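Take a look at the structure set out below.
Because the structure is a prediction, the values reported are computed rather than measured. Note on naming: letters A, B, ... go to the chains in the order of the sequence lines (proteins, then strands), and numbering restarts at 1 for each one.
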Amino acid sequence: QVQLKESGPGLVQPSQTLSLTCTVSGFSLTSYNVHWVRQPTGKGLEWMGVIWTGGSTDYNSALKSRLSISRDTSKSQVFLKMNSLQTEDIATYYCAREDPGYYFDYWGQGVMVTVSS
Amino acid sequence: DIQMTQSPASLSASLGETVTIECRASEDIYNGLAWYQQKPGKSPQLLIYNANSLHTGVPSRFSGSGSGTQYSLKINSLQSEDVASYFCQQYYDYPWTFGGGTKLELK
């Protein structure tokens with residue numbers, strides 16, 4: 001069945017780079033777009049970016065200068081890297097699959113990231 | 001970017017009651033709207049897509065309606081397991097944007 005699972009360090013030092021991995025199963029990254037969405041604790045959802053089936057990417061303009069999304073299709077993994085982390089980046093980070101109808105039909109469990117020295 | 005304004009921000013209702021949550025888009029999104037349910041400590045789960053289509057496995061007490069810039073999610077006969085936060089999302093235009101969420105509690 002379709003699954004997505006995020007992994008990565010839960011603690012990042014200020015000004016350092018966040019690296020997260022989304023490992024998917026039950027579908028191919030060349031058939032479905034995968035997005036990253038984050039959620040500060042107790043707050044709303046923010047779309048971060050997407051890697052399209054063809055491998056190209058698009059990013060939230062507010063994060064574009066710091067964010068990079070890539071993938072390894074052979075390993076069914078999508079990667080998120082975001083630099084210059086600050087306390088405003090403390091959140092739970094989710095990857096989500098985009099249904100061909102454009103909404104998100106499956107989400108990962110999320111990984112909570114704290115920024116602290 | 002399309003702004004999504006969701007109301008109310010919080011809501012308290014009794015078991016068996018009917019609840020309605022509203023979402024307003026800053027421009028016409030042509031039914032490109034989804035509703036998600038998020039229980040505490042869990043990831044969002046798709047309830048409704050295309051404004052009024054029920055996702056597989058979602059109870060029929062959930063329904064979506066609306067058009068243009070105004071959309072709503074209705075929960076009939078509220079159950080205890082419906083205690084959650086609810087978010088709308090537009091996917092008519094890039095970038096995808098979400099409403100601020102509605103926290104539903106039991107009275």
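At a 4.5 Å heavy-atom cutoff, B/Y92 makes no contact with chain A through either its backbone or its side chain. Of the atoms belonging to B/Q90, not a single heavy atom falls under 4.5 Å from chain A. Of the two parts of A/D58, the backbone and the side chain both hold a non-hydrogen atom closer than 4.5 Å to a non-hydrogen atom of chain B.
Tracing side-chain contacts under 4.5 Å through hydrophobic residues (I, L, V, M, F, W, Y), one never reaches B/Y36 starting from B/V58; they form parts of separate clusters. Both B/L104 and B/V83 belong to a single network of hydrophobic side chains, linked directly or stepwise wherever heavy atoms of I, L, V, M, F, W or Y lie under 4.5 Å apart. The hydrophobic clustering, which links ILVMFWY residues whose side-chain heavy atoms are closer than 4.5 Å, places A/W52 and A/Y32 apart. Criterion: ILVMFWY side-chain heavy atoms under 4.5 Å apart, direct or through other members. Under it, A/M82 and A/V50 are not part of a common hydrophobic cluster. Taking hydrophobic clusters as Ile, Leu, Val, Met, Phe, Trp and Tyr residues chained together by side-chain heavy-atom distances below 4.5 Å, A/W36 does not share a cluster with A/Y94.
Under the ring pair (Phe, Tyr, Trp, His ring centres under 6.0 Å) rule, B/W96 has a single partner from A/Y103, A/Y59, A/W47, which is A/W47.
Annotation: the span from B/H55 atom NE2 to A/D99 atom CG amounts to 8.0 Å, rounded to 0.5 Å. Between atom CG of residue A/D105 and atom CD of residue B/Q45 there is a gap of 10.5 Å, rounded to the nearest 0.5 Å. Taken to the nearest 0.5 Å, the CG atom of A/L45 stands 8.5 Å off from the CD atom of B/Q89. Interatomic distance, OH of A/Y102 versus CG of B/L33, reported as 16.0 Å (0.5 Å rounding).
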Requested in this report: Take B/K42 and A/Q109, measure what side chain to side chain contact (heavy atoms under 4.5 Å, CB included) needs, and give me the verdict at the end.
Outcome: CA-CA 7 Å; B/K42 301 294 186 182; A/Q109 63 191 21; over 6 Å; no
Query raised in the report: When you look at A/F104 and B/Y91, which way does the side chain to side chain contact (heavy atoms under 4.5 Å, CB included) test go after all the steps?
Result: CA-CA 9 Å; A/F104 302 150; B/Y91 48 88; over 6 Å; no
**Report entry** Steps toward side chain to side chain contact (heavy atoms under 4.5 Å, CB included) verdict (A/Y106, B/L46)
**Finding:** CA-CA 8 Å; A/Y106 288 93; B/L46 178 66; over 6 Å; no
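In this structure, A/R66 places its CZ atom where more than 12 heavy-atom neighbours from other residues, nucleotides or ligands lie under 6.0 Å away.
Without hydrogens or angle criteria, B/S43 side chain to A/G110 main chain gives no donor-acceptor distance under 3.5 Å.
Interface remark: of the candidates B/Q38, B/K103, B/Q6, B/Q38 forms the most heavy-atom pairs closer than 4.5 Å to chain A.
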